[in-house]
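Below, chains carry the letters A, B, ... as their sequence lines are ordered, and counting in each starts from 1. Just so it is clear, the structure is predicted and the values come from calculations on it, not from any experiment.
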Number of protein chains: 2
Amino acid sequence: MQKELKQLMGYRKSIRVLDATLRDGGLVNNFEFTPEFTKALYETNKRAGVDYMEFGYRASKEMFNVADHGPWKFASDDDIRAVVGDNVGGPKISIMADVGRCDFRTDIVKKSESPVDMIRVACYLHQIPGAQEMIEYCKEQGYEVTCNIMAISHAQESDLKEALDLIGQSSVDVIYIVDSYGALYPEEMTRVVDIYRESSEKYGKELGIHAHNNQQLAFANTIECIGDGVNYLDATYNSMGRGAGNCAMELLLGFLKNPKYREYDALKFVQDYMVPLKQQGVTWGYDLQYLITGLLDQHPRSAIQFTKEKRTDYAIFYRDILSVD
Amino acid sequence: MQKELKQLMGYRKSIRVLDATLRDGGLVNNFEFTPEFTKALYETNKRAGVDYMEFGYRASKEMFNVADHGPWKFASDDDIRAVVGDNVGGPKISIMADVGRCDFRTDIVKKSESPVDMIRVACYLHQIPGAQEMIEYCKEQGYEVTCNIMAISHAQESDLKEALDLIGQSSVDVIYIVDSYGALYPEEMTRVVDIYRESSEKYGKELGIHAHNNQQLAFANTIECIGDGVNYLDATYNSMGRGAGNCAMELLLGFLKNPKYREYDALKFVQDYMVPLKQQGVTWGYDLQYLITGLLDQHPRSAIQFTKEKRTDYAIFYRDILSVD
């Protein structure tokens with residue numbers, strides 16, 4: 001398929017940008033953002049024309065101790081409402097709920113009683129039935145629903161196709177491509193999108209992309225997907241997210257030509273809030289240990305540990321995880 | 001043209017990797033690398049299977065004061081020989097010479113009397129006749145010769161085509177695509193390569209790519225070019241180069257599947273030499289001011305000044321250069 005070069009000048013109205021800073025970024029600082037930060041982030045998204053703002057996970061308070069985490073691990077309707085009020089003119093609000101780690105039947109109420117617009121159901125390939133159950137429940141409550149299948153670079157292509165066909169048959173609105181390990185190259189993205197499109201076109205679903213920056217490819221992979229017809233794009237300010245982080249909002253808004261997106265506001269937020277966060281010692285972003293796990297298509301946990309220990313013996317790290325089973 | 005996806009598993013023997021750390025990186029620290037650094041870089045390239053190592057510019061000693069710069073601004077045969085000796089089993093040696101800023105007739109001697117293998121002639125679009133003259137001279141002396149036309153994102157397509165046809169008619173071996181401002185997106189690279197290929201296929205020349213990392217796309221643009229048949233690939237360790245720097249050697253060698261390239265050695269060099277260089281205060285690499293000049297397709301000089309002044313008011317910088325003429 002020929003890429004849509006003309007999109008470099010014009011723009012596609014169907015594109016939606018989702019800010020995942022509180023959610024994926026929350027994995028870096030245990031969701032401990034100040035109220036001031038959260039409010040400023042919301043106001044920035046509103047001004048910058050960002051389409052969705054994800055407030056965090058709605059994790060089970062049975063399984064996780066509330067006192068051990070910042071509020072956006074649980075992203076309650078009350079906490080969200082305290083930030084957005086009636087959300088007049090603001091971005092749509094999303095939360096993420098992991099299959100097997102949330103109490104959706106008690107914690108997700110009718111949309112008419114919630115500030116949330118969209119629920120993103122995250123699952124691994126072996127949890128598809130659990131995802132189907134949650135998707136149908138959330139749709140019945142009136143939400144937009146996405147399904148984000150994680151760690152797909154470890155999936156067998158035939159298993160993935162089967163899963164996508166099952167999810168395609170559900171009521172889900174958007175199916176997300178999630179490169180959890182930052183292992184995919186732009187050339188591969190096209191091939192991956194083709195697989196997702198089989199299902200999305202058959203069942204009339206939208207596609208989304210959530211990229212990680214292990215090999216400095218989160219932005220490149222995201223815009224590659226735009227050319228392939230993917231409409232839902234995840235980004236975080238200053239790339240804040242687990243390990244190497246995500247596609248940077250300030251890169252993505254700069255690329256998108258829809259005049260409703262305002263690059264100035266994104267840059268201002270990074271300057272006023274993200275740079276100070278880094279200066280306070282919160283650590284994320286591209287570095288060699290993440291390059292290495294991305295290159296080897298491994299979970300970044302060993303690289304995150306390497307970072308915590310403030311190690312810089314990258315070559316030894318590479319040698320040691322080359323043949324880890 | 002369908003990308004060569006199979007190259008993700010196999011490899012293309014015609015690919016050549018060029019280390020430009022001393023040359024493009026030298027623009028950051030005024031070419032003041034220690035002899036120990038230079039020797040270790042050479043040994044690393046030798047072990048890592050890097051095909052070419054560029055030692056710097058051969059700038060005119062009439063035009064530039066020798067005492068004001070480190071040795072690799074002038075990259076004399078004697079200085080190179082002091083590092084490589086007879087260069088047994090090492091990378092081929094290249095130097096860059098700018099049209100109008102070198103005394104090639106006196107400073108470039110016969111290849112048989114020099115450790116240099118390849119001369120890279122750098123020029124702007126308005127200097128094509130000067131480039132032709134240098135190319136023919138260097139070929140007559142027995143060197144491999146490339147032509148690197150800079151700042152092409154500011155060139156008119158018809159002017160560029162005319163220039164490429166003229167250069168195609170010369171004795172040059174390789175024509176380089178140079179994204180001086182880090183302004184190009186991967187989708188555009190394909191279109192740019194198509195323009196270069198008109199000339200390269202007609203006249204039997206190789207193509208090369210020299211990318212800048214203003215929008216975190218130096219690596220992505222480089223591997224995009226691989227898929228389009230470009231064989232000569234510039235990289236620098238830890239991306240060291242002017243402003244946002246270049247395609248990182250450690251990313252590129254990790255991607256290339258030819259077993260002669262050894263990722264471990266690249267990581268070891270970054271760990272032992274590049275990280276300390278950064279710790280000493282030498283500054284380069286992706287940051288928002290470079291994103292901004294890349295996005296706006298401007299020369300990075302204003303961003304370099306911003307960096308020197310240790311400013312972090314990115315939004316103001318963006319506002320102020322949005323409409324600079």
Side-chain angles (χ1 to χ4, degrees), chain A residues 1-8 185-188 190-191 213-221 223-224 226-227 238-239 247-248 250-251 253-255 263-272 274-276 279 285-289 291-292 294-296 311-319 322, chain B residues 1-8 184-188 190-191 213-221 223-224 226-227 238-239 247-248 250-251 253-255 263-272 274-276 279 285-286 288-289 291-292 294-296 311-319 322:
Chain A
M1 172 175 156
Q2 183 65 38
K3 300 288 176 188
E4 298 184 25
L5 287 174
K6 67 180 189 299
Q7 297 299 342
L8 291 170
Y185 295 103
E187 289 184 353
E188 285 176 297
T190 303
R191 191 167 47 173
N213 207 30
N214 294 62
Q215 300 192 73
Q216 286 193 11
L217 292 172
F219 175 51
N221 282 340
I223 63 180
E224 182 82 15
I226 296 174
N238 210 201
S239 289
C247 173
E250 57 275 18
L251 284 168
L253 295 191
F255 175 79
E263 175 75 357
Y264 175 85
D265 294 291
L267 294 169
K268 188 82 167 60
F269 184 78
V270 173
Q271 165 190 316
D272 292 344
M274 303 309 291
V275 173
Q279 283 166 347
Y286 172 80
D287 202 348
L288 268 65
Q289 62 274 35
L291 178 176
I292 293 166
L295 187 60
L296 300 176
R311 285 172 61 183
T312 55
D313 54 332
Y314 305 107
I316 297 299
F317 177 70
Y318 175 72
R319 183 198 68 187
L322 250 181
Chain B
M1 172 175 157
Q2 182 64 40
K3 300 288 176 186
E4 297 184 28
L5 287 174
K6 67 180 190 298
Q7 298 298 342
L8 291 171
L184 295 173
Y185 295 104
E187 291 184 352
E188 285 175 297
T190 303
R191 191 166 47 174
N213 207 31
N214 294 62
Q215 301 193 71
Q216 286 194 11
L217 291 171
F219 175 50
N221 281 340
I223 64 180
E224 182 83 14
I226 296 174
N238 210 201
S239 288
C247 173
E250 57 276 18
L251 283 169
L253 295 190
F255 175 79
E263 175 74 357
Y264 175 86
D265 294 292
L267 293 169
K268 188 82 166 60
F269 184 78
V270 173
Q271 165 189 315
D272 293 344
M274 302 309 290
V275 173
Q279 284 167 348
Y286 172 80
L288 267 67
Q289 62 275 35
L291 178 176
I292 293 166
L295 186 61
L296 300 176
R311 285 173 60 184
T312 56
D313 53 333
Y314 304 107
I316 298 298
F317 177 70
Y318 174 73
R319 184 198 67 188
L322 250 181

_Is it the case that the side chains of B:Thr312 and A:Gln271 hold a donor-acceptor pair, with the cut-off being a distance below 3.5 Å and no angle test?_
no
_We want to know whether B:Gln216 and A:Asn213 form a side-chain donor-acceptor pair, criterion being a heavy-atom distance below 3.5 angstrom._
yes
Heavy-atom contact with chain A under 4.5 Å, split by part of [X]:
X	value
B:Leu295	side chain
B:Asn238	side chain
B:Leu288	side chain

*Who are the side-chain hydrogen bond (donor to acceptor under 3.5 Å, both in side chains) partners of B:Tyr286, not counting sequence neighbours?*
none
*Using the test side-chain hydrogen bond (donor to acceptor under 3.5 Å, both in side chains), find all partners of B:Arg311 that sit at least two apart in sequence or belong to another chain.*
B:Asp313
*Which bit of A:Leu217 comes within less than 4.5 Å of chain B, counting heavy atoms only: side chain, backbone, both or neither?*
side chain
*Answer with side chain, backbone, both or neither: which region of A:Leu296 has an atom nearer than 4.5 Å to a non-hydrogen atom of chain B?*
neither
*Please test B:Phe219 against A:Tyr185 for side-chain contact (heavy atoms from CB on, under 4.5 Å), starting from the C-alpha separation and ending with a verdict.*
CA-CA 10 Å; B:Phe219 175 50; A:Tyr185 295 103; 3.9 Å; yes
